[in-house]
Amino acid sequence: MLYALYYPQAIKPENTIYPHTSAQPFQFTIERMRHYMGAWHSVTAVLFPDYLFIDCEKDAAEEVKGKIEEELNRDKEIKQKLPLVPIPAELSDVLYDLCDGEHHIPMSRGIIKNGLAHVTEGPLTGYDNRIIRTDRHKRLAWLKYSDEVTRNFAKDSTSVLLAGLEITERVS
């Protein structure tokens, strides 16, 4: 089961090893394009910057949460408790379908045909019907992970995922 730990000052999970448990916290990342110094560059961005994820049973997730809280509160007088949130199965399934073994979603490529995005290569292949918005300039796509999300959505909705999508041509 996938759990999220809300931690706004999220530490880099690879900096901390938890030897007494097999569960290791991680963050999901995406490949996206950024334009600087007159050219487009591929960069890696954290998909959910304020969260650490733990993929394990609830007991192991609670143990990792306790260790992170202990580390966070080591030198503080006011102790912080971090909420542990179970991730819905729909979102978990979509994330693992799109990600590689390193919890990273690589860039996809596609075309615009009759006003709709069609992915031709990359992890978004087969997810054409879930794309609800594209930004050709920023080379991004917003995907719904739940069928309950309508096409008219708020940009900051919690029911959508962000992924890199480069549109290479427009076909009428």
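These values consider heavy atoms only, across backbone and side chains, with no hydrogens, waters or symmetry-generated copies.
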Any cation-pi pair here, Arg34 with Trp40, using under 6.0 Å and within 45°?
no
To check you understand the geometry: which heavy-atom pair defines the closest contact between Pro123 and Ser108, and what is its length?
CD-OG, 3.2 Å
Note: Glu69 and Leu82 closest approach over all heavy atoms is OE2-N, 2.6 Å
Does His118 offer a backbone N or O that forms a donor-acceptor pair with the side chain of Asp128 under 3.5 Å?
no
Under the 3.5 angstrom rule, does the side chain of His41 hit a backbone N or O of Tyr36 as a donor-acceptor pair?
yes
Would Asp97 and Tyr127 count as having a side-chain donor-acceptor pair, cut-off 3.5 Å?
yes
How about Tyr3 and Asp55: does a side-chain donor come under 3.5 Å of a side-chain acceptor?
no
Do [X] and [Y] have side chains that get closer than 4.5 Å, going by heavy atoms?
| X | Y | answer |
| --- | --- | --- |
| Arg32 | Arg139 | no |
| Val64 | Pro25 | yes |
| Asp135 | Trp142 | yes |
| Ile68 | Leu52 | yes |
| Leu98 | Leu124 | yes |

Mind checking the [atom1]-[atom2] spacing from [X] to [Y]? Nearest 0.5 Å is all I need.
| X | Y | atom1 | atom2 | answer |
| --- | --- | --- | --- | --- |
| Gln27 | Asp50 | CD | CG | 9.0 Å |
| Glu57 | Glu63 | CD | CD | 13.0 Å |
| Leu162 | Leu143 | CG | CG | 8.5 Å |
| Leu140 | Leu165 | CG | CG | 8.5 Å |
| Thr168 | Ile111 | OG1 | CD1 | 7.0 Å |
| Cys99 | Leu47 | SG | CG | 7.5 Å |

I'd like to know if [Y] and [X] are part of one continuous hydrophobic network [Ile/Leu/Val/Met/Phe/Trp/Tyr, side-chain heavy atoms within less than 4.5 Å].
| X | Y | result |
| --- | --- | --- |
| Ile87 | Leu161 | yes |
| Val85 | Phe48 | no |
| Leu84 | Met1 | yes |
| Met107 | Ile105 | no |
| Tyr96 | Phe53 | yes |

Residue His137 excluded, over 12 heavy atoms near NE2 under 6.0 Å
no
Looking at Arg136, I'd like to know if its CZ atom is crowded, meaning that more than 12 non-hydrogen atoms belonging to other residues, nucleotides or ligands lie closer than 6.0 Å.
yes
Kindly state whether the ring of Phe28 and the ring of Tyr51 have centres lying under 6.0 angstrom apart.
no
Would you call Glu71-Lys67 a salt bridge at under 4.0 Å N-O?
no
Verdict with reasoning, Arg130 to Val94, per side chain to side chain contact (heavy atoms under 4.5 Å, CB included):
CA-CA 11 Å; Arg130 291 183 180 256; Val94 170; 4.0 Å; yes
List in chain and number order the residues that pass side-chain hydrogen bond (donor to acceptor under 3.5 Å, both in side chains) with Glu166, two or more places apart in sequence or in another chain; answer none if no residue qualifies.
none
